Amino acid sequence: PTRFRRADANGDGSVNVTDAVVTLEVLFAGREPVTCKSASDSNSDGKLDAAHVVFTLTFLFANGPRPPAPFPACGSRSGGLGCATSQTCA
């Protein structure tokens, strides 16, 4: 199974505002989909929509709930949106 960190949409090893921006770009600016859609699914609802941007930003800036596993570490999970390749997991 592929490994990923939930909410790390750009796969850089950390969850920050850039992950919300990447998700917005995929949804609304024609950016190519990320290689691990499950990582972009920050609330683990099995969809990819603007709710993930809100969830990530609320977690980062408004003391919102933490993303579900695998977070904060990398892990694998069957089902979901899937990953074409594993993220770099330190």
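Nothing here was measured: the structure is a model prediction, and the numbers come from that model. The basis for the numbers below is simple: all heavy atoms, side chains too, and nothing from hydrogens, waters or symmetry mates.
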Using only atom types and a distance under 3.5 Å, with no angle test, would you say the side chain of R5 pairs donor to acceptor with the backbone of P72?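 Flag set: sc R5 to bb P72 pair under 3.5 Å.
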Is there a donor-acceptor pair closer than 3.5 Å between any side-chain N or O of D41 and the backbone N or O of G46?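 Checked: pair present.
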Distance-only donor-acceptor pairs under 3.5 Å for side chains of residues 15-29, two or more places apart:
unit_1	atom_1	unit_2	atom_2	d
N16	OD1	T18	N	3.0
N16	OD1	T18	OG1	3.3
N16	ND2	S14	OG	3.1
D19	OD1	A9	N	3.0
D19	OD1	N10	N	3.1
D19	OD2	N16	N	2.8
T23	OG1	D19	O	3.0
E25	OE1	R31	NH1	2.8

Considering all heavy atoms of both residues, which atom of L81 and which atom of S38 are nearest to each other, and what is their separation?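 Heavy-atom minimum between the residues: N-OG, 3.3 Å.
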Using 0.5 Å steps for rounding, measure from the [atom1] atom of [X] to the [atom2] atom of [Y].
{"X": "C36", "Y": "R6", "atom1": "SG", "atom2": "CZ", "answer": "8.5 Å"}
{"X": "R3", "Y": "S76", "atom1": "CZ", "atom2": "OG", "answer": "6.5 Å"}
{"X": "C83", "Y": "F4", "atom1": "SG", "atom2": "CZ", "answer": "5.5 Å"}

Please list, chain by chain and in numerical order, all residues satisfying side-chain contact (heavy atoms from CB on, under 4.5 Å) with A51, sequence neighbours excluded.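 Counting only residues at least two positions away or on another chain, A51 forms a side-chain contact (heavy atoms from CB on, under 4.5 Å) with N43, D49.
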Would you give me the side-chain donor-acceptor pairs under 3.5 Å for residues 54-63, sequence neighbours excluded?
unit_1	atom_1	unit_2	atom_2	d
T56	OG1	S42	OG	3.1
T56	OG1	H52	O	3.0
T58	OG1	V54	O	2.7

Among residues two or more places apart or on two chains, list those pairs meeting salt bridge (Lys or Arg N to Asp or Glu O under 4.0 Å) that have a residue in residues 52-67.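 Sorted pair list comes back empty.
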